[in-house]
Amino acid sequence: MKVLIFGSGGREHALAWAAAKSKRVTEIVCAPGNGGMAAVARLAPVSLSDLDGMVALAIAEQPELVIVGPELPLSLGLVDALQQRGMRVFGPTQAAAMLESSKSFAKRFLQRHQIPTAAYAVCTTVEEVEKAIELFHAPIVVKADGLAAGKGVLICQSRRAAVEAAQGLLNGKLLGSAEQQLVIEEFLQGEEVSFLCLSDGKYVTPLVPAQDHKRIGEGDTGLNTGGMGVYSTDEILSPEMTHWILKHIARPTVAGMAAEDAPFVGVLYVGLMMTPRGPQVLEFNARFGDPETQAILVRMENDLVEALEACIDGKLAEVEWKWKPGASACVIASSGGYPGSYRTGLAIAGLDAKGQLPDADGVQVFHSGTAMADGKLVTSGGRVLGVTAAGESLQSALDQAYVALKGIEFEGIYFRRDIGHRALKKQGA
Ligand code: AMP
Ligand code: GLY
């Protein structure tokens, strides 16, 4: 079987790595892929913002399965376009992907279906924002409606700051393009959990839970990033809590989308805040998380391709799941300066011709921002590598990842040394 994966990050490298283990897969093409994925796939150049180009590539390749990784092609309707041409595609349609691509759609959907989420208002002008925030206490969260690669959420410590943030989003000064709509939200406190599920449009299966570390600095300080590291253990959620989230959040979401004629087939990533009044939905993503996927897939013992095909065929309920017990962790090595400006094209030392560590059995280096230049691996993005390991305990997974990181070098390399700190503290308590 030939599989075509759209995307170029660590998530897609992990998807390609897992797909390569499938008995049925004979060929993997990654479009556009990155420097580390060449070891498991053939790379095909394409722009993830060019719908026609992606469709033309899929037609030329004739894969038996297409997996769409990132949100941008989903929001452009790549799944719809390929389905119309008779292809088997894993991922939600444009209408279903609105759970991620429009925060106002998601909030109104949550309210319509009585799914727990922060109080909110949708505004289109500064005057509306000024009026709406009279009902909110600081801190106030101001969000751009559309996709903003993690940069569209501002936590404001006063009403005045919230109005300024709203102004900046509406006039385009903050994100580079003017937002038409904003969501104003109540600030929630608690621990965040990434609850990823597979859905075939009707049935929902949770993957193992994970916790991301979004801030650049240790102790969860500094600017937001795409994610600096993730761990996964079963202890993140008790069986009762998992059941509660399925019953009150994940299943009603999938049932609600089906009832609204936009059945959701794909990965439903529910970003949760575990608040004193219970889990609340912070956001939906309509795709695998990055770097959650890296940590989740090293624990998955199922054949990934079979599981994704079961979603496409409406047979998810028939899949029997098998996960490695224990834990996993993915630590992101980023370019110095990220999430601000950083240099690229810097040589990466310590990895072999396959982009892996030669002496680190059991550790997977998933590449995010790497490229090949003159036959050598170089940095090409903010997040560069996701060093990932599974272990019997969280400590052993983290130890393997951190030992492995000692063998990798590029100028300005930065990684957080405290991934999993909350869980380790709880285990020690
Ligand atoms: P989002 O893209 O909506 O998930 O927001 C990105 C990040 O901003 C989340 O992962 C949270 O850390 C934070 N955030 C978003 N909404 C809220 C909220 N209502 N209260 C507190 N933090 C939030
Ligand atoms: N790790 C956060 C995300 O994938 O959106």
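Every number for a ligand or one of its atoms is a count from 1 in the order of the listing.
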(Q) Quick one, Lys202 with Asp200, criterion salt bridge (Lys or Arg N to Asp or Glu O under 4.0 Å). Give me CA distance, side-chain angles, the key distance, then yes/no. (A) CA-CA 6 Å; Lys202 285 199 188 111; Asp200 64 5; over 6 Å; no
among protein heavy atoms, the one nearest atom 12 (O) of ligand 1 is Glu192 OE2, 2.3 Å
In ligand 1, the atoms that come under 4.0 Å of a heavy atom of Lys214 are 10 (O)
Provide, line by line, the atom pairs where ligand 2 and the protein bring an N/O atom each to a distance under 3.5 Å; else say none.
residue, atom, partner, partner atom, Å
ligand 2, 1 (N), Asp212, OD2, 2.8
ligand 2, 1 (N), Asp290, O, 2.9
ligand 2, 1 (N), Glu292, OE1, 2.8
ligand 2, 1 (N), Glu292, OE2, 3.3
ligand 2, 4 (O), Arg287, NH1, 3.1
ligand 2, 4 (O), Asp290, N, 2.9
ligand 2, 5 (O), Asn285, ND2, 3.4
ligand 2, 5 (O), Arg287, NH2, 2.9

**Asked** Going by atom types alone, do Glu260 and His113 pair a side-chain donor with an acceptor below 3.5 Å?
**Response** yes
Counting from 1 in the order shown, the ligand 1 atoms closer than 4.0 Å to a non-hydrogen atom of Leu188 are 18 (C), 19 (N), 20 (N), 21 (C)
> Within less than 4.0 angstrom of ligand 1, does Lys103 place any heavy atom?
Replying inline: yes
In this structure, atom 5 (O) of ligand 1 is nearest to the protein heavy atom Val153 CG2, 3.3 Å
- Taking NZ, NE, NH1 and NH2 as the nitrogens, is one of them in Arg287 or Glu12 under 4.0 Å from a carboxylate oxygen of the other? no
| request: Classify the side-chain pair Ser328/Tyr231 by whether it contains a donor and acceptor separated by less than 3.5 Å. | output: no
Residue pairs meeting side-chain hydrogen bond (donor to acceptor under 3.5 Å, both in side chains), one or both in residues 131-143, sequence neighbours left out, come to Lys143-Glu185
query = Is Asp220 salt-bridged to Arg416, cutoff N-O under 4.0 Å?
reply = yes
In Val265, Val68, Leu4, the residue satisfying side-chain contact (heavy atoms from CB on, under 4.5 Å) with Val89 is Val68
Contact region, Leu282 to ligand 1, non-hydrogen atoms below 4.0 Å, reads both
Practice item. Please determine if Glu283 has a nitrogen or oxygen closer than 3.5 Å to a nitrogen or oxygen of ligand 1. Key: yes
Note: ligand 1 atoms sitting under 4.0 Å from heavy atoms of Lys143 are 3 (O), 15 (C), 16 (N)
The residue among Glu186, Gln111, Arg108, Lys103 that forms side chain to side chain donor-acceptor pair (under 3.5 Å) with Tyr120 is Gln111
Determine whether the side chains of Gln181 and Ser104 contain a donor N or O and an acceptor N or O closer than 3.5 Å.
yes
Can you tell whether the side chains of Arg88 and Asp313 come within less than 4.0 Å, N to carboxylate O?
yes
Nearest non-hydrogen protein atom to atom 7 (C) of ligand 1, with distance, is Asn224 ND2, 4.3 Å
